[in-house]
Number of protein chains: 2
Amino acid sequence: MATQPRQSQRRRQVLSRERIVEAAIELLDTAGEGALTVRTLTERLSTGSGAIYHHVGTMNELLEAAIDSVIADALAALSTEPAAPVRGLGAAGTPEDEIRAVALGLFDAVTEHPWLAAQVAVQITRNPWGSVTRRVFESIGRPMRALGVPQRDWFATTSTLVHYFLGAIAQNAHTPHGTSDGRTPEGEAERAEFLDTAAGAWQDLDPDDYPFIRAIADQVREHDDREQFLTGINLVLRGIIASYPTRHEIAR
Amino acid sequence: MATQPRQSQRRRQVLSRERIVEAAIELLDTAGEGALTVRTLTERLSTGSGAIYHHVGTMNELLEAAIDSVIADALAALSTEPAAPVRGLGAAGTPEDEIRAVALGLFDAVTEHPWLAAQVAVQITRNPWGSVTRRVFESIGRPMRALGVPQRDWFATTSTLVHYFLGAIAQNAHTPHGTSDGRTPEGEAERAEFLDTAAGAWQDLDPDDYPFIRAIADQVREHDDREQFLTGINLVLRGIIASYPTRHEIAR
DNA sequence: ACCTGAACACCGTTCAAGT
DNA sequence: ACCTGAACACCGTTCAAGT
């Protein structure tokens, strides 16, 4: 017959933007921040550098896409199982619970993908109103309305909460140099040692220069990141609620 | 005579770690984030790369030193003129005023040195308990005690405030790619245009996917960074004060 | 259209060699 | 001790050439 054989379907796995992003995330997760280069990607995908640029544009765009993908997944996982009790919390119910759930969802995404902390921070400075901001604002904003904040202050209150997240997540990036992950026993031990060293150094500072630092060194040593993260959220929430006391009682 | 001529003093300006850090800051301020490389530094200082490594160890160490220097200066400037009225505020007096002054001091340091935002964020993720954290905690911690927070919560409340600063500062890094600085008229105009574009894009999002984002797009367009920064601090402060109502009255 | 891979400009860092 | 600058390994990106 004269029909031309279709050749497009012959490859066993077509290269695509999605597959590249996926491979990038895998690389970052398994080998750490410094491991994602065009060359390691081409090896992993057994292709040439030109192929990557054909699909993805630039290395920075690839990173943006990787961040966006992980954040989107983390937030989507929350909304599909909204009633599931978040670790350490009861079932979601009040707007405060929902906000806490979103925050902890992001926090846990960072512990799963330690490279996220630095990458989100950098991306936020480069593109303050990009997809990360957009997604997080939307997720926090919806329960924010239910908190009784008047519309003219939606932006201000949501910003405050989101900024707190970002800062806390940045400072809680675990695993100093990508050797091990966050929640494994080894990761925990490494982290405890790390904190102990830092607290010890603070303990030894000149009391005239750093009286406060010395006074809290022990609390640094013993604190739990996730718990402290939650405490901070509750503090900010209390500030918001105290500012708009009409609909909610302040004390609980 | 047989006395050997001293040759050590012959150079007109001896290279030193301090001079290198100073030159690095100048380079970052005038030419932007991407302009600081070993080669540009050697040109500016008319020396060889080996000389820099002899004094400074590594590029990352140099960046750390530059950050530390700028932050230290910003905080020191505050404590030498504590009674000077901070822009837009009355004279410092209450602990809240002092906390606001520190926060705005950092905020203004970032507008003066736009590269600070990204660099601080990255440094915080790499070294969460380094000198930046230490300095800022100490500056915030002292007035925190005066707020009436019990000692066992000093770390928690200070962390929360500092994390808010860090996040807000990261997101408020002005000048997308280092073309102009923050507070000049051109910078203002560029920034207004930038915000307008972002707000416009948010306006056009799918109302089903992003109802909240669409609702606040106008507030994004019209908000002032510094004012919003202050609003957020006041919100967090209110949360803290509301949690320890013994010593202070909540309302004002 | 999709992909290959050599080549390019640039980066941080090292180190034998000078004073 | 302090400095020079060529050399090294590595990076992101481009592009003529292939299918």
Side-chain angles (χ1 to χ4, degrees), chain A residues 4-25 27-28 31-67 115 118-119 122-123 126-127 177-178, chain B residues 4-25 27-28 31-67 115 118-119 122-123 126-127 177-178:
Chain A
Q4 307 262 29
R6 298 280 315 266
Q7 62 173 8
S8 65
Q9 218 69 332
R10 242 187 21 224
R11 271 177 202 287
R12 47 194 59 200
Q13 182 109 39
V14 192
L15 198 59
S16 68
R17 189 184 152 94
E18 269 148 23
R19 250 178 64 74
I20 295 173
V21 170
E22 199 183 318
I25 294 173
L27 219 38
L28 288 164
E33 296 215 38
L36 178 62
T37 72
V38 176
R39 280 173 237 299
T40 56
L41 252 187
T42 56
E43 281 172 33
R44 175 89 90 172
L45 294 165
S46 52
T47 177
S49 59
I52 292 182
Y53 283 92
H54 183 264
H55 287 282
V56 130
T58 180
M59 196 60 192
N60 191 45
E61 263 182 58
L62 175 57
L63 261 172
E64 272 183 53
I67 293 167
W115 51 274
Q119 291 305 327
V122 168
Q123 211 57 244
R126 292 216 187 117
N127 187 8
H177 286 292
Chain B
Q4 307 263 26
R6 296 281 316 265
Q7 63 174 6
S8 65
Q9 218 69 331
R10 243 185 24 222
R11 272 179 202 288
R12 49 195 58 201
Q13 181 110 40
V14 192
L15 199 58
S16 69
R17 188 184 154 94
E18 269 148 23
R19 250 177 65 73
I20 295 173
V21 170
E22 198 183 318
I25 294 173
L27 219 38
L28 288 165
E33 296 216 37
L36 178 62
T37 72
V38 175
R39 279 172 240 290
T40 57
L41 251 187
T42 56
E43 280 172 33
R44 176 88 90 170
L45 294 166
S46 53
T47 179
S49 59
I52 291 181
Y53 284 92
H54 184 264
H55 288 282
V56 131
T58 180
M59 197 59 189
N60 191 45
E61 264 182 58
L62 175 55
L63 261 171
E64 274 183 52
I67 294 167
W115 51 273
Q119 291 306 327
V122 168
Q123 212 56 243
R126 292 217 186 118
N127 188 7
H177 286 291

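All values below were derived from every heavy atom in this structure, side-chain atoms included, with hydrogens, water molecules and symmetry-related copies excluded. In what follows, chains carry the letters A, B, and so on, assigned in the order in which the sequence lines appear, proteins first and then strands, with residues in each chain numbered from 1. Since we're looking at a predicted model, the values are computed, not measured.
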A:Thr40 vs B:Ala51, nearer the 5' end of DNA chain D by closest nucleotide =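 Comparing both residues, the 5'-ward one is B:Ala51.
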Is the distance from OP1 or OP2 of C:dC3 to the nearest side-chain N or O of A:His55 less than 4.0 Å?
->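 For A:His55, the contact criterion (side-chain N or O under 4.0 Å from OP1 or OP2 of C:dC3) is met.
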Side chain of A:Val38: nearest nucleotide among C:dT13, D:dT13, D:dC3?
->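 Nearest nucleotide to the side chain: D:dT13.
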Considering only heavy atoms and no angle criterion, is a donor-acceptor pair shorter than 3.5 Å present between the side chain of A:Thr58 and the base of D:dT13?
-> no
Can you find a donor-acceptor N/O pair under 3.5 angstrom joining the side chain of A:Ser49 to the base of C:dA6?
-> yes
Pick out which of B:Leu27, B:Ile25, B:Leu36 makes a side-chain contact (heavy atoms from CB on, under 4.5 Å) with B:Trp115.
-> B:Ile25
So which heavy atom on [X] is nearest to which on [Y], and how close?
{"X": "A:Arg19", "Y": "A:Leu45", "result": "NH2-CD2, 3.5 Å"}
{"X": "A:Leu41", "Y": "A:Ala24", "result": "CD2-N, 4.1 Å"}
{"X": "A:Asn60", "Y": "A:Gln123", "result": "OD1-NE2, 3.8 Å"}

May I have the distance from [X] (atom [atom1]) to [N] (atom [atom2]), rounded to whole angstrom?
{"X": "B:Ile20", "N": "C:dT13", "atom1": "CD1", "atom2": "C1'", "result": "15 Å"}
{"X": "A:Met59", "N": "D:dC10", "atom1": "CE", "atom2": "P", "result": "16 Å"}
{"X": "A:Arg19", "N": "C:dC2", "atom1": "CZ", "atom2": "C1'", "result": "14 Å"}
{"X": "B:Glu61", "N": "C:dG12", "atom1": "CD", "atom2": "P", "result": "15 Å"}
{"X": "A:His54", "N": "C:dC2", "atom1": "NE2", "atom2": "P", "result": "5 Å"}
{"X": "A:Leu41", "N": "D:dC11", "atom1": "CG", "atom2": "C1'", "result": "13 Å"}
{"X": "A:Glu43", "N": "C:dC3", "atom1": "CD", "atom2": "P", "result": "18 Å"}
{"X": "B:Arg39", "N": "D:dG5", "atom1": "CZ", "atom2": "C1'", "result": "11 Å"}

So which nucleotide does D:dC10 pair with, by the Watson-Crick or G-U wobble rule with both distances under 3.5 Å?
->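 D:dC10 is unpaired by these criteria.
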Sort out the partner of C:dG18 for me: Watson-Crick or G-U wobble, both distances under 3.5 Å, none otherwise.
-> D:dC2
Quick one: does A:Thr58's side chain have a donor or acceptor within less than 3.5 Å of a partner on A:Glu61's backbone?
->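 No, the answer is negative, given that no donor and acceptor are paired below the 3.5 Å cut-off.
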